[in-house]
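Shown next, in structure tokens, is the structure this report addresses.
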Amino acid sequence: MSRAVGRTTRRVVESDVCIIGGGITAAMVAERLAERTGASITVVEAGERTASLDERSDTRARMLAYGENPWPNDHIRGQTGTGAMYNSMVVGGAAMHWGGAVPRFSPEDFRLRSLYGVASDWPISFDDIEPYFQEAEERMGVAGEQGPPEYDPRSKPYPMPPLPLSYSLARMREWTEKTDIPFWTQPWARNTEPYQGRDVCRRCDTCFVCPTGAKYTPDFAFDRLLEAGRIDLVTRTLVRRLSLEPGSDRIAVAEAVDRDAPDEPVEFRAGTFVIAAGHAWSSHLLLLSANSRFPDGLANRTGNVGRYMTGHWYLSGFINLPMRLYPGMFVYNSLLSRRFASPGPLDRYVRHDLRLWESNVGRAPRLTGENGQLLWGDEIMADWRARTESESSARVRAYYDLLPDRDSRLTLDAGRTNELGDPMPRIDYRPAQESIGLQDHTVETISGRFEQLARAAGGSVRSIGRPSELWEHPGGGCRMGNDPATSVVDRWGRTHDHENLFVVGAPTLVSGGCANGTLTFCALSLMSAEEMQKELPSA
Amino acid sequence: MAESRRTFLKQSAATVAAVSLTGCAPGERAAETEGDALSRTDGTTPVPLPAATLRGVAEAVLPDELGEDGRERAVRAFERWSEALEPVAELSHPYLVPEIRYSGPDPRPGWAAQLEGLEKECESRHGVSLSDLEVPGRRELLARPLADTGPGLGAPQNADHVVAALLAHFFGSAIATDLCYGRAIRRELCRSIEGAEEEPAPLGAAP
């Protein structure tokens, strides 16, 4: 539908639900609402489609050969913020090139204040979110191994059996069994059985571009929904602001620009609006949407939008193992322990996971020998063999919980604008004072566990790096809570200030946990969809 | 052992090309022929590398255990890789880095000039072409450019010198890994998850 407004033709798209963003949380919400309601659903994505499944073998080949980006057109030039954030703006979002690791957050993650006296409790418990963890695992197709129930609680089995260990990983698992630290395998959103019409994993070892479709990516869900006629997917269309109904706090319109016709504004009108734009662009859109009634941005009556930006840091190291391994047979599988994410009572707070990979660190071919002499041909090969015949390397890493400060913050950066003149987001992460005070204790504790692992193998720690300060698997900015004074959305992701506006997934995190976040983002989105359903026409 | 490695190289020549360049064996769903997988898309014609000099270099720096056939295959793989290289290409995005990165300018004119320079230096100092010089003499000539390379072998496209690029291309390949370990690890080959736990077969015994 098009309406003439003054001299400008304004295109209007109406639906029951307008989902802003086309990544993995959008796919989860769209799929659930499409199945369980009769609502009309529009998904608006600023980016476009990237390599199809048929094209991924070619892009993979060039990535392997030259390091080229295997996902063409996966970002928008100039639509770039400052600080650690993804640059993906594409149908499928950052989950097009994810590795597919899907551990659950632990029960403790939701009760940090009650259990340990740090940070904040979430307004939901593990038991509240557990059914949605399961649903998310079933929607994407997760292959996993049940770990010890006290560290890996779940009410139902994984949808698929786990990926097999490689020869190297099997030997490494034997090593870990000599410790009192239980290890099992990382759960992955990769098929070990045909699932939803997609192939079984072929261990190509380039999971960030899977050429077989065994790894879940959100484009598969969107394609199914499009084929069934259950959604409209509007691409290359950037939502620039949300505006209110006159005299009301309800959202009336998402105002957008068609990147192919920038002079023709697009209005998305809906009964329910869902911001599914990830940890950076969700807060950004709310801040951009400031108006006379909400001068600091929508959903920001209490000034919490953009605050408590969170994630986790990690400590990484390498261990020399007195055993021969064969790195390269199945690099993208790993061993996992969640033992220390559920540590029980603690004198001082430290929570982390542990994961192990095969590695060739220190055992790659090199041009100079031990004394710095240049090596040639057979000498290079002999030197390489000598370093791999009886010893190997393992990579060990611990994601640890880092508690966000209120001023860990996303703001609008007036000094950096896109081609439309809109200020871009800037994220300045900041750990809470209590986390800074725990830093040395955390590093010391984790380093001790690396040493413990190495000793059990009869090996040695080769190196331990400095803590990564990257705030991995970021979230926050619209954190959930029962008290509007300290949060942006309620337990369902509904904004406190606008009854028909939801923010889903990563932005609603209270704290970043010590596990990859994507499964939790998806589970939270499905919880939100459950609440939305109540007000939508039935199927 | 050397013989079994050569047999392996000979028997798996077709596979090697596909594995090292596309990671997928013929017949696999994701398989492509080498030419298809690494076809150029920018429509330009790259500067060719002087073939004889490149082979003269290869004989001095690649392992003898490859044999002549194996060495020639390694050189041809490098040439094909070089022909399909596209400068200033968008690179894979590092995790959580919003800025887009691009590869460097075309290294091939410089590489070709380096090979021509080596040839001229060899003729000037020894009165013969590089390929006709004894291997120790060639290595003496090649030591200088390699001296600044550092101990590691990075990505070949980032190599300042063509000799380092050739070495990085070969020693970074799946076939070099297999030769080192004497096992058919077949890095980055798409294959069934069945049998993943088995120790990789010795070279020559692998199907």
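Quick caveat, the model's predicted, so the values are computed rather than measured. Chain naming here is simple, since letters A, B, ... match the order of the sequence lines and numbering starts at 1 in each.
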| message | Let me confirm one number: the CZ-CZ distance from B/Phe171 to A/Arg366, rounded to the nearest 0.5 Å. | response | 12.5 Å
| remark: In terms of heavy-atom contacts, A/Met329 and B/Glu198 come closest through CE-O, 3.4 Å
| Considering only heavy atoms, which portion of B/Glu194 lies under 4.5 Å from any heavy atom of chain A: side chain, backbone, both, or neither? | backbone
| What part of A/Pro72 gets closer than 4.5 Å to chain B, counting heavy atoms only: side chain, backbone, both or neither? | neither
| field | Atom pair OH (A/Tyr332) and CD (B/Glu188), whose distance is rounded to the nearest 0.5 Å | value | 8.5 Å
| query | Which answer fits B/Ala58, side chain, backbone, both or neither, if we ask what part of it has an atom under 4.5 Å from a heavy atom of chain A? | reply | neither
| Which bit of A/Arg56 is near chain B, if near means a heavy-atom gap under 4.5 Å: side chain, backbone, both or neither? | neither
| said: For the SG atom of B/Cys180 and the CZ atom of A/Arg363, what is their distance to the nearest 0.5 Å? | reply: 11.0 Å
| query | Got A/Trp376 and B/Leu142 here, is their nearest side-chain heavy-atom distance under 4.5 Å? | reply | yes
| query | Which bit of B/Tyr95 comes within less than 4.5 Å of chain A, counting heavy atoms only: side chain, backbone, both or neither? | reply | both
| note | Closest non-hydrogen atoms of A/Ala65 and B/Trp81, given as atom of the first, atom of the second and distance, are O-NE1, 3.0 Å
| Spatial distance of atom CD (B/Glu197) from atom OG (A/Ser168) [nearest 0.5 Å] | 11.0 Å
| request: Considering only heavy atoms and a distance below 4.5 Å, find which of B/Gly172, B/Ala176, B/Ala164 pairs most often with chain A. | output: B/Ala176
| task | Let me know if A/Glu472 has heavy atoms under 4.5 Å from chain B in its side chain, its backbone, both or neither. | result | both
| said: Are there over 12 heavy-atom neighbours, none belonging to B/Asp132, within less than 6.0 Å of that residue's CG? | reply: yes
| Can any side-chain N or O of A/Arg62 pair as donor or acceptor with the backbone N or O of B/Ala84 at less than 3.5 Å? | yes
| field | Region of A/Asn333 in contact with chain B, defined by heavy-atom distances below 4.5 Å | value | neither
| message | Shorter than 4.5 Å, heavy atoms on both sides: which option in A/Leu470, A/Asp205, A/Thr206 has the most such pairs with chain B? | response | A/Leu470
| Structural part of A/Ala170 lying under 4.5 Å from a heavy atom of chain B | side chain
| request: Could you tell me whether a side-chain N or O of A/Arg385 sits under 3.5 Å from a main-chain N or O of B/Leu179, the two making a donor and an acceptor? | output: yes
| Within a strict 4.5 Å, meaning less than it, do heavy atoms of the A/Tyr66 and B/Glu86 side chains meet? | no
| query | Checking B/Val97 against chain A: side chain, backbone, both or neither under 4.5 Å from a heavy atom? | reply | backbone
| query | Roughly how far apart are B/Leu91 CG and A/Met63 CE, rounded to 0.5 Å? | reply | 12.0 Å
| said: With a sphere of 6.0 Å drawn around CD of A/Glu193, does it hold more than 12 non-hydrogen atoms of other residues, nucleotides or ligands? | reply: yes
| request: Heavy-atom distances under 4.5 Å only: say whether B/Ala89 touches chain A with side chain, backbone, both or neither. | output: side chain
| request: Fit a plane to each ring of A/His75 and B/His93, take the angle between them on a 0 to 90° scale, and name the class: parallel (under 30°), tilted (30 to 60°) or perpendicular (over 60°). | output: perpendicular
| said: Given heavy-atom pairs under 4.5 angstrom as the criterion, report whether the side chain, backbone, both or neither of A/Leu165 touches chain B. | reply: both
| task | Would you give the length of the straight line joining atom OG of A/Ser166 to atom CD1 of B/Ile185, rounded to the nearest 0.5 angstrom? | result | 10.5 Å
| query | At their closest point, which heavy atom of B/Ala196 faces which heavy atom of A/Pro164, and how far apart are they? | reply | CB-CG, 4.0 Å
| request: Would you check if B/Cys190 and A/Arg60 make a side-chain contact, meaning some heavy-atom pair closer than 4.5 Å? | output: yes
| field | Which of A/Asp74, A/Val209, A/Thr59 touches chain B most, by non-hydrogen pairs under 4.5 Å | value | A/Asp74
| said: Between A/Leu325 and chain B, with a heavy-atom cut-off of 4.5 Å, which part of the residue counts as in contact: side chain, backbone, both or neither? | reply: backbone
| field | Residues, nucleotides or ligands: over 12 heavy atoms within 6.0 Å of B/Glu68 CD | value | no
| query | Among A/Thr80, A/Leu375, A/Asn360, A/Leu163, which has the most heavy-atom pairs under 4.5 Å with chain B? | reply | A/Thr80
| query | Of the backbone (N, CA, C, O) and the side chain (C-beta and beyond), which part of B/Thr177 lies under 4.5 Å from a heavy atom of chain A, both, or neither? | reply | both
| field | Proximity breakdown for A/Met85 and chain B, heavy-atom pairs closer than 4.5 Å | value | both
| message | Among B/Arg139, B/Gln157, B/Glu90, which residue has the highest count of heavy-atom pairs closer than 4.5 Å to chain A? | response | B/Arg139
| note | Under 4.5 Å to a heavy atom of chain B? For A/Ser88 that would be neither
| said: I'd like to check A/Asp378 versus B/Pro63 (side-chain heavy atoms, cut-off strictly below 4.5 Å). Are they in contact? | reply: yes
| said: Let's test your reading of the structure: which of B/Val135, B/Thr149, B/Ile100, B/Leu146 forms the most heavy-atom pairs below 4.5 Å with chain A? | reply: B/Ile100
| said: As an exercise: rank A/Trp384, A/Phe208, A/Trp471 by heavy-atom pairs under 4.5 Å with chain B and give me the winner. | reply: A/Trp384
